[in-house]
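First comes the structure, then the notes that go with it.
In listed order, ligands and their atoms are each counted from 1.
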Amino acid sequence: MKQKIAILCSGGDVSGMNPALKRFVEYAIARDMEPYFVYHGFEGLIDNKIVPSTYSDVAGIMTRGGTKIGSARSERFKESSYRRIAADNLRAQGITMLIVLGGDGSFMGMEKFYRESGISFCGIPSTIDNDINGTDYCLGVDTALGIIKNSIDQIRDTASSFRRAFVIETMGRNCGYLALVSALTSGAELCLIPEIGGDFNDYKEDFASQISSGRDYFIAVVSEAMKNSDTVAEWFEKELGFEARVTVLGHIQRGGNPSVYDRLMAYRFVTYAIDGFLAGKTHSVICYTKSHFAFKTIDDVVSHPYRIDDELLTLAREQFRPSPHRT
Ligand code: F6P
C-alpha cells in the first residue's frame, strides 16, 4: 500500500506556498506516495477538510502568491481535545506524515501533536518576517523584499519631485529584518528597527546639515515593531521643517508573484522534507543555514529568539550612523 502524506499552510500566507504545493504533489507522486491537501491550516485538520490532490490541482499555480489551500491561525488546535479530533481525521484516511508550512508557533503545536498521536511532521519555515531561530531563510522573504524594493523605488520618485520626507513602514511583527535589508538596499537615509534601537533625534544635526547642503527628500524605513512611524513623520515636520508622509506598506508585502528564489527554495524545502520522511525523520524542522539544509529539532528552533546576523547589523549601524559631516 502507498504511503499517504499531507500538507497544510499555517499562519500568515507567503508567496512561495503555491510553488511548494506544486512540488509537493509532483514529488510525492514521483516517490510513489499519495499526496493530500489540508485546507485552511489546522482548522481544516480539525474540520476534516483533507482531500487527495492530483497534478491538475497544482497546474498553473506557480505564478500565484498566497496559497491555493488557504491558511489560518487556529486557536482550537491549541487544545488537546481538538488535536485528538485532528489526529482521528488523519488516521481515518491512513495519513501518517504531514508537512507544515508556517512559523515556530505552528511547529510547537505540531510537536505536541506528534507526541500525542505519533503522526510524523516536518516543518518548513514560511514567514515574510524571517524571524525563526535556527534558519537563515524563511520561505516568502525574498518576494516580500522585492515588493518593498519596488514600493520604495516608486515612493522615491514622488518624494524627490515634491521635497518631502517619506516614512515607510514595513511588516515584520517584532523583527526588523525586512526593514533593515530594505533600508540598506534602497539607499534610505534612516532605518529604525528594534534590534538597533537608538533615538532618531540623534539624526537632527546630520539631516539639518544635509538639507542646508541641498538635500530635498528623505526616505526613512521603519519596522512596524517600532510602532512610531507617525511620530517619526511629525519629527521631520517639527524639527526639520520638512513636510512628511507615512506609507504603511501593509499586506501588499505578503502577496504577489513569487520570486525565482522563493520558487526554487519552495522546491528545495519540499524535496528535503519528503526525502527526510522516507529516510525515517519523524518530527523536525528544516533549517537553511550557510547555504545548506539541515533537520533540526523543535527545541533547537525555539530555544532562542531569532537574531539578525551580526554582520548585517554592523552594516546597518555603520550605514545609518548619524553623521553631521556627510553631505
Ligand atoms: O507574520 C506575518 C505578518 O504579516 C506580520 O509581518 C504582521 O505583523 C502580521 O502577519 C499581520 O497579521 P494579519 O495578517 O493577521 O493582520
Side-chain angles (χ1 to χ4, degrees), residues 8-20 39-44 64-78 100-110 123-152 167-183 185-186 191-196 221-230 232 246-259 261-262 265-266 269 285 287-288 301-302 305-308 312:
L8 66 77
C9 302
S10 178
D13 51 279
V14 304
S15 288
M17 284 177 164
N18 278 329
Y39 285 84
H40 306 298
F42 294 128
E43 291 290 290
R64 284 164 43 193
T67 161
K68 176 170 181 162
I69 62 174
S71 186
R73 295 193 176 103
S74 174
E75 285 302 314
R76 290 190 297 167
F77 198 70
K78 292 179 183 160
V100 174
L101 305 177
D104 48 6
S106 311
F107 303 154
M108 284 197 287
M110 276 313 296
I124 295 182
S126 310
T127 165
I128 65 165
D129 302 338
N130 212 34
D131 62 350
I132 300 180
N133 176 54
T135 187
D136 294 345
Y137 191 74
C138 299
L139 197 61
V141 171
D142 187 62
T143 306
L145 286 173
I147 289 168
I148 298 169
K149 172 189 72 77
N150 290 341
S151 307
I152 298 179
V167 178
I168 300 160
E169 183 181 298
T170 64
M171 276 189 169
R173 205 176 288 275
N174 301 314
C175 177
Y177 183 87
L178 287 179
L180 181 153
V181 174
S182 301
T185 55
S186 64
C191 169
L192 298 174
I193 62 171
E195 291 84 350
I196 292 181
V221 181
V222 178
S223 164
E224 68 171 342
M226 299 300 289
K227 299 185 175 24
N228 66 357
S229 302
D230 289 331
V232 176
V246 176
T247 301
V248 178
L249 294 180
H251 287 79
I252 62 162
Q253 294 161 97
R254 285 236 300 259
N257 177 273
S259 69
Y261 189 68
D262 273 324
M265 287 303 282
F269 269 125
V285 176
C287 293
Y288 186 73
V301 171
V302 298
Y306 170 77
R307 263 184 63 85
I308 295 179
L312 268 184

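Residues meeting the side-chain contact (heavy atoms from CB on, under 4.5 Å) test with Asn130, sequence neighbours left out: Cys138, Val141, Tyr177, Tyr306. In this view, Pro305 satisfies the side-chain contact (heavy atoms from CB on, under 4.5 Å) rule with no residue, not counting sequence neighbours.
Every pair tested for salt bridge (Lys or Arg N to Asp or Glu O under 4.0 Å) that includes a residue from residues 131-146 fails, sequence neighbours excluded, so the list is empty.
Below 30°, between 30° and 60°, or above 60°: for Tyr137 and Tyr261 the angle between ring planes is above 60°, a perpendicular geometry.
Residues Phe42 and Ser106 form a side-chain contact, since some pair of their non-hydrogen atoms from C-beta on lies under 4.5 Å apart. Between Glu195 and Arg307, every side-chain heavy-atom pair lies at or beyond the 4.5 Å cut-off.
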Polar pairs, ligand 1 vs protein, N/O only, below 3.5 Å.
unit_1   : atom_1 : unit_2 : atom_2 : d
ligand 1 : 1 (O)  : Asp129 : OD2    : 2.7
ligand 1 : 1 (O)  : Arg173 : NH2    : 3.3
ligand 1 : 4 (O)  : Arg254 : NH1    : 2.8
ligand 1 : 6 (O)  : Asp129 : OD1    : 2.6
ligand 1 : 6 (O)  : Gly172 : N      : 3.1
ligand 1 : 6 (O)  : Glu224 : OE2    : 3.4
ligand 1 : 8 (O)  : Glu224 : OE2    : 2.6
ligand 1 : 10 (O) : Arg73  : NH2    : 3.3
ligand 1 : 10 (O) : Arg173 : NH2    : 3.3
ligand 1 : 10 (O) : Arg254 : NH1    : 3.2
ligand 1 : 14 (O) : His251 : NE2    : 2.8
ligand 1 : 14 (O) : Arg254 : NH1    : 3.0
ligand 1 : 14 (O) : Arg254 : NH2    : 3.2
ligand 1 : 15 (O) : Arg73  : NH1    : 2.6
ligand 1 : 16 (O) : His251 : NE2    : 3.2

